[in-house]
Amino acid sequence: MSRYNFKEVEYRWQQQWAHQNLYQCAPDSSRPKYYVLAMFPYPSGKIHMGHVRNYTITDVIARYKRACGYNVLHPMGWDAFGLPAENAAMQHHVHPARWTYENIAQMQEQMKSLGLSIDWSREVMTCHPDYYRHEQKMFLDLWDKGLAYRKQSVVNWDPVDQTVLANEQVIDGRGWRSGAVVEKRYLWQWFFKITSYTKELLSGLETLTAWPDKVRLMQQNWIGMSSGALIRFALRNRLDHLEVFTTRPDTLFGASFCAISADHPLAVTLGKSNRQIALFLDECAKSAVNEATLEKLPKKGIDTGLKAVHPFNPTVELPVFIANFVYMDYGTGAIFGCPAHDQRDLEFARQYNLPVKPVVIPKNQPAQGFTIRDIAFTDDGVLQHSDFLNGLSVEEAKLKATQHLTKLGRGHATNVFRLRDWGVSRQRYWGCPIPVIHCPECGAVPVPVDDLPVVLPDDVSFNQPGNPLDHHPTWKYVDCPRCGRSAQRETDTLDTFVESSWYFARFCSSSIAQPFLASDTQYWLPVDQYVGGIEHAILHLLYARFFMHALQDCGYPVPKEPFHGLFTQGMVIHETYKHQKGHWLFPTEVEKQGDHYICSADGSPVTVGRSEKMSKSKKNVIDPGQIIEMYGVDTARWFVLSDSPPERDFEWTSSGVEGAWRLVQKIWRLLTLRTIAPQNPIKDNNAFRRIMHKTIAGVTTDIENFRFNRAIARIYEYINAFHEHMDRNCLQEGLEALVLLIQPFMPHLAEEMWHQLGHKTSVTLQPWPKADPALIEEDSIIIAIQVNGKMRDTITVRKDIPNAELEAAVCQRSIVQKTIGSQAIKKSIIVPNRLINIILG
RNA sequence: GCGGGUGUGGCGGAAUUGGUAGACGCGCCAGACUUAGGAUCUGGUGACGCGAGUCAUAGGGGUUCGAGUCCCUUCACCCGCACCA
């Protein structure tokens, strides 16, 4: 028998499968449906190992579920709008559309070589008007419902390039191209009112039991509900008030200042008449817009000279600061500071010499002598120096303080959320045009539905900074659909997260004129199993959930929760190699010599760094195309699932992939067992069958639970059993079971072997093998023997042996007797069929 | 900074969810067969110890008859932080 020729076999079966339309699906009420979806890729032009891992996971699930009798939908599409296309346009003078469509064509070809059981007839490209026209209609429907609105909002502004920068284009506070210090700028932008659904998005999390707990927790924290109180501080010698939100009304007597955000209307007003304040506001405007950076800034502020009146004691006045750690987006954009019980307030107070007055004392500690140094006291304790709150716990005091505020008419209990509305405006060309016309008379007017889609113009130039739509000579000049006067199109396009918020619904009816049919979405949705990276745990998944809530309220036939099951796979990582001259080397540029690496080109030593996420910049990438060329795609699929649990990072190693490749050959060689004379013709049929059925049962539950690495380990054990326990009478049966079990992982090898075993139809159409529980039963088992909790021995006994009998048998063992010696047995703990622990007195 | 996670032999990992730590694979060692192959097969392989045994699941502490698993704490690394997708 010749070696397994993966190239010929894989190509042949891929042709056949495509020819037979094996993976095309349609609603079928007679079968249960199963919708399995990988997060669709951005068409960068080349697939990477992360893609291979992601799509292998969904393909294993798809093939397994198909074998279990489900009507499986496993589609694929392209998240095709976005920044990289515009960067390519600027760097290489390629039109974003051309660049994107060419990338899609290339990637599609590569993806097809993975042997995925995808229904390609449903492919979508979000940059195509056939896709985004529906999104424009959705935008208008949301607007109509009050779920889209405009407000002024901040962007990163590059003063040299005169353009808006994405956060990733801001490096250390400077524009990535110009190097200019990035400023904040306020623009009128469109927002989706995700905050209208805060409660539903929060309570919906409880229903998503097939999601990882960590993702639900992350979303819950992101929405971030805080219970507290709204307090109105009177301002001395002024008519207006300062509204403050706090989660700690109990600490009001420890307040030593108030602080407002630099973006607070009061701060802006004060800045107009006070140069010092204006300078400070300018300084704040220069800082970055992202939270991670802001949180690390040293606390800074400026005293406005205003005095806030303490709500419980009008004789106490608190200075009002403008502070860089107070955010306008959260609460009311104003706080009162109690330095003793809040770390940020404490740091601020130390800097500006504000009093630090503890009002909560740790339990069982004298109030005298309790002082705060560098760490604020934020735990529960007993209220002190707080008038009517004295002696209460923090919880009690929160309640009483809030009640008192309400009585005084100076505040009330309220909940505040961290979640902010979703800003969807992008000042960019390569995105879905927002279908709005701005008329000097009528304001913002929707583009009439009959005029949709608003198509992106092709003739754009990237030679000047800013948004090409904005400086296009004609595109934006139109007549107002309402009054007919000259007006201008909205030149902002939509955030690409909008496309990914409904593509899974489009897959249900991708080729029709409507966005989707109720009969399709009601059959297919929700997605039964969604698979993608943990990096999407919050934004993408939350936006998609919101979008479905909103679309449903606009009358679209979609469920509120789009993703029933979620699985987040880990990254693919690889060692890094550094040349002694300091530059990175590709894995293909180094070779192993003994236990170290050298550069193939010049033989110089190479420093091996720890494994990290594959990235172009560090060159620690493995091209799936080359791997498929060398080893075949079944080997690659097998390997990416074999070594690590799928939710964890997976380390790509050359020895690992070779091991997988050897396994493919090894499985293939099992066919030769049929032709050689068995050395031991009579063996234990039952022993082999037991292993076989144990394997079937184990692999089944492992796939159900996404433990693909464990399933694969079981298949290895099973293959070993062919040599140890094989009886020729079981051979055909044993091989068929093996082929059915590897089919989801290595479809090409499985299909070829299936035909070699004498079958004429595709292995894809075969039902999943069933384990016979009776065959798995063992009648004798090994029980662990512990003495005082220490492992001493094992004993083989019949299953379900009575305790007394077991104890007697165990005490006969010489090791046990020796360990016990002359000591008395106090008691013994027996875990049935597992363990006995003898406790000595 | 905040939120979420991960940590087990030389390496990737397994452990019936509180009950024999190290399944399976890689690597390494030995043997067999061929000896032109990086092929294949068999056996061994956590550390220390001649041994009975002792020590081992990032470090420290705790709960328990029993802890990789539960609790407290320290450290390291990873993901997200709202305009990358």
Presence of Arg707(A) side-chain N/O under 4.0 Å of rA14(B) phosphate oxygens OP1/OP2: no
Could you tell me which residues satisfy side-chain hydrogen bond (donor to acceptor under 3.5 Å, both in side chains) with Glu591(A), sequence neighbours excluded, listed by chain and number? Ser600(A)
Assign Leu663(A) to base, sugar-phosphate, or nothing according to its heavy-atom contacts below 4.0 angstrom with the strands shown. nothing
May I ask you to check whether Asp421(A) and Thr195(A) show a side-chain donor-acceptor distance below 3.5 Å? yes
Those residues at least two apart in sequence (or on a different chain) that pass side-chain hydrogen bond (donor to acceptor under 3.5 Å, both in side chains) with Glu807(A) are Ser828(A)
Going by purine N1 to pyrimidine N3 plus the second Watson-Crick contact, or the G-U wobble pair, all under 3.5 Å, which nucleotide sits opposite rU40(B)? rA32(B)
When we call it a touch if two heavy atoms are under 4.0 Å apart, what does Leu294(A) touch: a base, just sugar-phosphate, or nothing? nothing
Would you mind telling me which of rG1(B), rA82(B), rG4(B) lies closest to the side-chain atoms of Lys296(A)? rG1(B)
Would you say a side-chain N or O of Arg710(A) is under 4.0 Å from OP1 or OP2 of rA14(B)? no
Assign rG66(B) to syn or anti; the rule is syn for a glycosidic angle within 90° of 0 and anti otherwise. anti
Under the rule for side-chain hydrogen bond (donor to acceptor under 3.5 Å, both in side chains), what residues qualify as partners of Glu86(A), not counting sequence neighbours? none
Closest approach to the side chain of Val164(A), judged atom by atom: which nucleotide of rG1(B), rC83(B), rG12(B) is it? rC83(B)
More than 12 foreign heavy atoms under 6.0 Å from CZ of Arg150(A): is that the case here? yes
Whether the side chain of Gln169(A) and the base of rC83(B) hold a donor-acceptor pair under 3.5 Å is what I'd like checked. no
With a non-hydrogen cut-off below 4.0 angstrom, is Ser425(A) in contact with a base, only sugar-phosphate, or nothing? base
Considering only the P atoms, how many Å lie between rG22(B) and rC71(B), rounded to the nearest integer? 25 Å
Whole-Å distance, Arg53(A) CZ to rG12(B) P, equals 14 Å
N/O to N/O distances under 3.5 Å, protein versus nucleotides 48-51 of chain B:
none

Indicate, with a heavy-atom threshold strictly under 4.0 Å, whether Trp422(A) touches base, sugar-phosphate, or nothing. nothing
Would you check if the distance from the ring center of Trp502(A) to the ring center of Tyr131(A) is below 6.0 Å? yes
Is Lys826(A) touching bases, backbone alone, or none of the nucleic acid, heavy atoms closer than 4.0 Å? nothing
When we call it a touch if two heavy atoms are under 4.0 Å apart, what does Arg344(A) touch: a base, just sugar-phosphate, or nothing? nothing
Geometric class of the Phe708(A)/Phe706(A) ring pair [parallel <30°, tilted 30-60°, perpendicular >60°]: perpendicular
For nucleotides rG68(B) and rG19(B), find the distance between their C1' atoms and express it as a whole number of Å. 13 Å
Does some side-chain heavy atom of Arg53(A) sit less than 4.5 Å from a side-chain heavy atom of Ser644(A)? yes
Closest of rU40(B), rG1(B), rG4(B) to the Leu217(A) side chain is rG4(B)
Residue pair Lys666(A)/Arg792(A) against RNA chain B: nearer the 5' end by closest nucleotide is Lys666(A)
Under 4.0 angstrom, heavy atoms only, what part of the nucleic acid is Phe650(A) near: base, sugar-phosphate, or nothing? nothing
Can Trp638(A) and Val664(A) be said to form a side-chain contact (heavy atoms from CB on, under 4.5 Å), step by step? CA-CA 9 Å; Trp638(A) 182 262; Val664(A) 169; 5.6 Å; no
Please state how far atom CG in Leu641(A) lies from atom C1' in rG25(B), giving the value in whole angstrom units. 14 Å
When all nucleic acid strands are considered with a 4.0 Å heavy-atom cut-off, which category describes Ala537(A): base, sugar-phosphate, or nothing? nothing
Pair Asp495(A) + Arg426(A), salt bridge at N-O below 4.0 Å: yes
For RNA chain B, what residues of residues 186-193 of chain A have any heavy atom nearer than 4.0 Å? Gln189(A)
For Asn290(A), all residues meeting side-chain hydrogen bond (donor to acceptor under 3.5 Å, both in side chains), sequence neighbours excluded: Thr293(A)
Tell which nucleotide pairs with rG46(B), taking only Watson-Crick or G-U wobble pairs whose two distances are both under 3.5 angstrom. rC55(B)
May I ask you to say what Thr496(A) touches in the nucleic acid, namely base, sugar-phosphate or nothing, with a heavy-atom cut-off under 4.0 Å? sugar-phosphate
Considering every strand and a 4.0 Å limit on heavy-atom distances, what is the contact class for Asp793(A): base, sugar-phosphate, or nothing? nothing
Nearest of rA85(B), rU6(B), rG4(B) to any side-chain atom of Leu539(A)? rA85(B)
Salt bridge (Lys or Arg N to Asp or Glu O under 4.0 Å) partners of residues 647-663 of chain A, not counting sequence neighbours, each pair once: none
Can you identify which nucleotide, out of rA85(B), rG13(B), rA82(B), has its nearest atom closest to the Ser644(A) side chain? rG13(B)
Which pairs pass salt bridge (Lys or Arg N to Asp or Glu O under 4.0 Å) with one or both residues in residues 705-717 of chain A, sequence neighbours excluded? Asp702(A)-Arg707(A), Asp702(A)-Arg714(A)
How would you summarise protein contacts on nucleotides 56-66 of chain B per nucleotide, using B for base, S for sugar-phosphate only and - for none, with heavy-atom distances below 4.0 Å? ---------B-
Begin with the C-alpha distance, continue with both residues' side-chain angles, and end with the deciding distance and a verdict on salt bridge (Lys or Arg N to Asp or Glu O under 4.0 Å) for Arg174(A) and Asp172(A). CA-CA 6 Å; Arg174(A) 291 169 182 276; Asp172(A) 295 329; over 6 Å; no
Base orientation of rU20(B), syn vs anti, 90° cut from 0: anti
With a 4.0 Å cut-off on heavy atoms, is Pro645(A) in touch with a base, just the backbone sugar-phosphate, or nothing at all? sugar-phosphate
Between rA82(B), rU20(B), rC83(B), spot the one nearest the side chain of Asp495(A), thanks. rC83(B)
Grab the N/O contacts between the protein and nucleotides 27-29 of chain B below 3.5 Å, and write none if there aren't any.
{"residue": "rG27(B)", "atom": "OP2", "partner": "Arg662(A)", "partner atom": "NH2", "Å": "3.3"}

Determine the contact category for Gly533(A): base if any of its heavy atoms lies under 4.0 Å from a base atom, sugar-phosphate if only primed atoms, P, OP1 or OP2 are that close, otherwise nothing. nothing
Just checking Val215(A): base, sugar-phosphate only, or nothing, at a heavy-atom cut-off of under 4.0 Å? nothing
Establish, with yes or no, whether the OP1 or OP2 oxygen of rA82(B) is under 4.0 angstrom from a side-chain nitrogen or oxygen of Asn167(A). yes
Could you tabulate the donor-acceptor pairs under 3.5 Å formed by side-chain atoms of residues 531-545 of chain A, not counting sequence neighbours?
{"residue": "His540(A)", "atom": "NE2", "partner": "Tyr530(A)", "partner atom": "OH", "Å": "2.7"}
{"residue": "Arg545(A)", "atom": "NE", "partner": "Glu561(A)", "partner atom": "OE1", "Å": "2.8"}
{"residue": "Arg545(A)", "atom": "NE", "partner": "Glu561(A)", "partner atom": "OE2", "Å": "3.4"}
{"residue": "Arg545(A)", "atom": "NH1", "partner": "Leu201(A)", "partner atom": "O", "Å": "3.3"}
{"residue": "Arg545(A)", "atom": "NH1", "partner": "Gln219(A)", "partner atom": "OE1", "Å": "2.8"}
{"residue": "Arg545(A)", "atom": "NH2", "partner": "Leu201(A)", "partner atom": "O", "Å": "2.7"}
{"residue": "Arg545(A)", "atom": "NH2", "partner": "Glu561(A)", "partner atom": "OE2", "Å": "2.9"}

All N/O pairs under 3.5 Å across the protein-nucleotides 72-79 of chain B interface:
{"residue": "rC77(B)", "atom": "O3'", "partner": "Arg610(A)", "partner atom": "NH2", "Å": "3.4"}
{"residue": "rC78(B)", "atom": "OP1", "partner": "Arg610(A)", "partner atom": "NH2", "Å": "3.1"}

Check whether any side-chain N or O of Arg714(A) sits under 4.0 Å from OP1 or OP2 of rG25(B), and answer yes or no. no
